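Worksheet: one structure, shown below.
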Amino acid sequence: MKGQELIKNICSKFFIYGDFMVAVPFGNGNINDTFQVTFDQGGARIHYILQRINCNVFKNPPQVMENIDRVTQHVLRKIRHEPLGSKRRTLRFLRSFADNPYVQDDDGDFWRAYIFVENARSYEVLANEEQAYNVAKAFGRFTCDLSDLPGERMHETIPDFHHTPKRIEALEQAVKEDRADRAKTVSAEIDFARKRRDETGILLELQKSGDIPERITHNDTKANNILIDDSTGEGICVIDLDTVMPGLALYDFGDMIRSGTNPAEEDDVNLENVYMNFSMFEAMLRGYWDSCGSTLTEAEKHYLPFSGKLITLEIGTRFLTDYLNGDIYFKTKRPTHNLERCRNQFKLVESMEQQMDKMNILTKKLK
Ligand code: ADP
Ligand code: GN1
Ligand code: MG
C-alpha cells in the first residue's frame, strides 16, 4: 500500500469521524513526514495532521508518544478552565481503536494524528520583533507549564541530544571514517568546529556543579515549532514535541536565538543574508524573560547569550557531520544541502561572537 491508500488506511485506525477526502504533504520539517488530511464530516471539511515518526531518529516511538501524551494532558489539565479558544494552546492527539496514541503500519512504521490548529501557522523566518517576542514567550511558558509535571523522569527520546562535546566527537569520528569521501573539501568547516571545542562543555559543567538545574525542556525550539495565531499574532501552540525530555532551559533559549534572529533561512546559500539581528535577540530575550525569567537561576541568566552561540555551533556541527556521513540523518533536497546549512550556521556563530559583548550587557540589565 502506498500514497493516499496507505494514509486512508492509517486514518481508518484512528478515532476520526467522517469520510477521508485527501492527504497532502505539509510543513518543512527535517525529520518526520507530515501530512494534512481532510475529512468530510457531515458536509464540513475538517483537517487533521498525520505524521509518520522517523524511526531512524527516534528508536522507541511508543516512548516518544508516552512522553508527549503526558505533556499534552498536563497542559490541557492546566488550561481546562480557560475560555474555549485556549484549547488551541496544546497539541491534541487522537487515539487509535486499539487505544494507543499511535498506529503501526505493516512496514513497522509508527503514525500519529492530531487535531489541526486552524487560523494559525509557523514561520521559517520570523517577520518582526513582535513575532520574535511572542515565539520566545510561548516557549518560556511551555517550560513553566511543565515545571510541575508529576510522575517519573521522562524518557530520553534521543540520549545526549544536546551534549555538544559528544557532537564534536561524532564529527571527529565522521572525519576519520570519511564515508562519503567529502572530508578533504570541508577542512575549513572542520577547523571552525575544532577551534571552539573547549567551549562546548561549559553548560554541562555548570549542570554538574548544580548551578543550572535539569528541567523538562522542549529541546527543538526552532521558531517554526510555534504556531502563531493569524489574527492576534500570539504564539499559541508549541508543536514538534518528540524531544520534550529532561534538559536545560539554556538549550531551549539558545535554539530560539539560533532560529529566530537569523533573517535568512537556515539553508540560505547567500551568506551575506546570514547574521544575528540584534533587535530580534532583544525581543526574544524580553519574551522569554516575561514568561519564565523569574524561575531562572543566576547562572542560567548569565549564560543566555552564550547558549545561542553554543546551540548554533552544535547544529552547524551536526549538519557537517551528516554531510560527511553521506546525509543519513536530516532530510536533504540536494547533495550539498547539509554543507550549505552548516556554512549558514557557522556564519551565524561568527555574527553572535561579534555581538556577544552587546548581548551580555543587555542581559545583565534585565531585572
Ligand atoms: P517535524 O518534526 O518534521 O519538524 P512538525 O511536528 O514540526 O514536524 O510539523 C511540521 C509542520 O506541520 C509544522 O512546521 C507546522 O507548520 C505544521 N503543523 C504541525 N502540527 C500542526 C497542527 N496541529 N496544526 C497545524 N499545523 C501543524
Ligand atoms: C530538526 O524536526 P525539525 O526540523 O524541527 C532536528 C533539530 C535541528 C533542526 C535543524 C530530532 O528539527 O534538532 O535543530 O532539524 N530535530 C531532531 O533545522 O534531530
Ligand atoms: Mg518541526
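Given the structure is predicted, the values throughout are model-derived calculations rather than measurements. Indexing begins at 1, ligand by ligand and atom by atom, following the structure's order.
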Side chain, backbone, both or neither: N30 near ligand 2, heavy atoms under 4.0 Å: both
Cluster check Y133, M280: I/L/V/M/F/W/Y, side chain < 4.5 angstrom: no
Checking ring pair (Phe, Tyr, Trp, His ring centres under 6.0 Å) for the pair F15/F97: CA distance, chi angles, key distance, verdict? CA-CA 6 Å; F15 266 109; F97 284 106; 4.3 Å; yes
Taking 4.0 Å as the limit for heavy-atom contacts, which would you say applies to I115 with ligand 1: side chain only, backbone only, both, or neither? backbone
Test of understanding: given a 4.0 Å heavy-atom threshold, classify the contact between N32 and ligand 1 as side chain, backbone, both, or neither. both
Environment of the Mg ion (ligand 3) in terms of protein N/O/S atoms, cut-off under 2.8 Å: N225 OD1, D240 OD2
Is the Y288 ring parallel, tilted or perpendicular to the F253 ring (thresholds 30°, 60°)? tilted
R341 near ligand 2, heavy-atom distance under 4.0 Å? no
Tell me which part of R258 gets within contact of ligand 2: side chain, backbone, both or neither, using heavy atoms under 4.0 Å. side chain
Please determine which of F319, F192, Y323 meets the side chain to side chain contact (heavy atoms under 4.5 Å, CB included) test together with C342. F319
Hey, does S122 come in under 3.5 Å of ligand 1, counting only N/O atoms on both sides? yes
Which protein heavy atom lies closest to atom 21 (C) of ligand 1, and at what distance to 0.1 Å? I49 CG1, 3.6 Å
Answer side chain, backbone, both or neither: which part of N225 comes under 4.0 Å from ligand 2, heavy atoms only. side chain
Contact between Q51 and ligand 1, counting heavy atoms under 4.0 Å? yes
Could you measure the distance from the CZ atom of F161 to the CG atom of D242? Nearest 0.5 Å is fine. 9.5 Å
For atom 11 (C) of ligand 1, what's the nearest protein heavy-atom neighbour? Residue, atom name and distance, please. G27 CA, 3.8 Å
Nearest protein heavy atom with distance in Å, relative to atom 7 (C) of ligand 2: D220 OD1, 3.6 Å
Quick one: closest heavy-atom pair of V135 and A223, and the distance? CG1-CA, 4.2 Å
Report yes or no: does D255 contribute a side-chain atom to a donor-acceptor pair with the main-chain N or O of D220 at less than 3.5 Å? no
Should we count CZ of R45 as having more than 12 external heavy atoms under 6.0 Å? no
Is there a continuous path of hydrophobic side-chain contacts, each under 4.5 Å between heavy atoms, that joins M276 to L271? yes
Given side-chain hydrogen bond (donor to acceptor under 3.5 Å, both in side chains), test N273 with D268 step by step and report yes or no. CA-CA 8 Å; N273 298 335; D268 193 330; 3.0 Å; yes
Numbered atoms and elements of ligand 2 in range of E266, under 4.0 angstrom, heavy atoms: 10 (C), 18 (O)
Heavy-atom distances under 4.0 Å are what count here, so tell me which part of V117 touches ligand 1: side chain, backbone, both or neither. both
Indicate, with yes or no, if the rings of Y114 and F93 have centres closer together than 6.0 Å. yes
Nearest 0.5 Å please: distance from the CZ atom of F306 over to the CG atom of L203. 5.5 Å
The protein heavy atom nearest to atom 1 (C) of ligand 2 is I31 CG1, 3.7 Å
Do ligand 2 and N219 have nitrogen or oxygen atoms that lie under 3.5 Å from each other? no
When distances are taken from atom 5 (O) of ligand 2, the protein heavy atom at minimum range is D240 OD2, 2.9 Å
Give the residue and atom name of whichever protein heavy atom lies nearest to atom 14 (O) of ligand 2, and the separation in Å to one decimal. I315 CD1, 3.0 Å
Side chain, backbone, both or neither: which applies to Y251 and ligand 2 if a contact is any heavy-atom pair less than 4.0 Å apart? neither
Give the contacting part of D240 toward ligand 1: side chain, backbone, both or neither, where contact means a heavy-atom distance below 4.0 Å. both
Could you tell me whether K8 atom NZ has more than 12 heavy atoms of other residues or ligands within 6.0 Å of it? no
May I ask you to check whether N28 has an N/O atom sitting below 3.5 Å from an N/O atom of ligand 2? no
Partner of E189 under salt bridge (Lys or Arg N to Asp or Glu O under 4.0 Å), picked from R196, R343, K195, R182, is R343
Considering only protein heavy atoms, which is closest to atom 25 (C) of ligand 1, and at what distance to one decimal place? F116 CE1, 3.4 Å
What I'd like to find out is whether the side chain of H47 reaches to under 4.5 Å of the side chain of I115, using heavy atoms alone. no
Determine whether the aromatic ring centres of F116 and F26 lie less than 6.0 Å apart. yes
Is there a polar contact between ligand 2 and Y329, counting only N or O atoms under 3.5 Å apart? yes
Under 4.0 Å from one or more heavy atoms of F58, ligand 2 contributes atoms 11 (C)
Of E350, E314, E353, which is the lone residue that meets salt bridge (Lys or Arg N to Asp or Glu O under 4.0 Å) with K309? E353
